[in-house]
Amino acid sequence: MRKPIVVGNWKLNGSSAANEPLVLGVLDGMRELAGIDVGVCPPLVYLSQVAKLVEATDLGLGAQNCAEHDSGAFTGEVAAAMLHDVGARYVIVGHSERRALFGETDAVVSTKVGAALGAGLTPILCVGETLDEREAGETEAVVRRQLAAVIAGNGIEAFEQLVIAYEPVWAIGTGRTATPEQAQAVHAFIRGQLADHDTAVAQSVRIQYGGSMKPDNAAELLAQPDIDGGLIGGASLKAEDFLGICRAAAQTVG
Ligand code: PEP
């Protein structure tokens, strides 16, 4: 049985005034939840603030990105070890916005996964196709290529220590969610690809769905056999919406 994991990606949102009530609201609601992992990924400058708020709680802290490099002349970058140093447990790697807007290639994403693992973080590895790719029938080929780069760079063993987020790009921030059947088909495909390398790893790796997941569509997505949680953008900015998704995930474990 894989433990569901729900993580909020705040993206470029938040302020020192707004973060505290949001985190305290999530912590309050989490007292009634059991059997799932929950995390939040604020912008980098707020990691230390949120680290203090979540200290000694079950709410995990994550970052939205990390550098490929450990240290050196890379102005503006933040190393995975620095994220770990300020209390992060997770780091999102290869989000489609970083791939599309900041030119992150499959090779860069693979290197970042290695950097995150080396620093003791759990990477949340994002994969997913654009609308054009889906309509061209290329969904599986795209996801296969994205995963193959990480397997080639880090070995299949890396998947024992990371979380995958399947995020169809056309569903992110658009209000257009993949149907449970569409999402399940790709999640099963991902597990199948990993099983070609190691069946135990394929069975144990957690695969989140991401893309306009909300309290009112979470239950049917999370009921799918290969969907093990959610990576949540817009709905993670309101404690009650985020908690609604967390509650749906907790219900899948009884
Ligand atoms: C995301 O950014 O990872 C995401 C899934 O966003 P949203 O929930 O807003 O679609």
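The residues of the chain are indexed from 1 along the displayed sequence. One-based numbering, in listed order, for ligands and for the atoms of each.
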Colleague: Select all protein residues for which some heavy-atom-to-ligand 1 distance is less than 4.0 Å, and list them by chain and number.
Modeller: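 Correct list: Asn9, Lys11, His95, Glu167, Ala171, Ile172, Gly173, Gly210, Gly211, Ser212, Leu231, Ile232, Gly233, Gly234.
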Colleague: Listed by chain and number, what are the side chain to side chain contact (heavy atoms under 4.5 Å, CB included) partners of Ile156, not counting sequence neighbours?
Modeller: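 Side chain to side chain contact (heavy atoms under 4.5 Å, CB included) check on Ile156 returns Ile151, Phe159, Leu194, His197, Asp198, Val201.
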Colleague: List in chain and number order the residues that pass side chain to side chain contact (heavy atoms under 4.5 Å, CB included) with Ser204, two or more places apart in sequence or in another chain; answer none if no residue qualifies.
Modeller: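 Scan of Ser204 (side chain to side chain contact (heavy atoms under 4.5 Å, CB included), adjacent residues dropped) gives none.
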Colleague: Specify whether Phe74 and His69 have parallel, tilted or perpendicular ring planes, treating 30° as the upper limit for parallel and 60° as the lower limit for perpendicular.
Modeller: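 Rings of Phe74 and His69: parallel, under 30°.
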Colleague: Within the supplied structure, the quantity of interest is the number of heavy atoms (other residues, nucleotides, ligands) at a distance under 6.0 Å from Glu55 CD; does it exceed 12?
Modeller: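 12 or below, so no.
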Colleague: Sequence neighbours left out, what passes side-chain hydrogen bond (donor to acceptor under 3.5 Å, both in side chains) with Glu68? Give chain and number order.
Modeller: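 Partners of Glu68 by the side-chain hydrogen bond (donor to acceptor under 3.5 Å, both in side chains) criterion come out as none, since no residue qualifies.
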Colleague: Ignoring hydrogens, what is the shortest heavy-atom contact between Ile172 and His95? Give both atom names and the distance.
Modeller: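 Ile172 and His95 have their closest heavy atoms at CD1-CE1, 4.2 Å.
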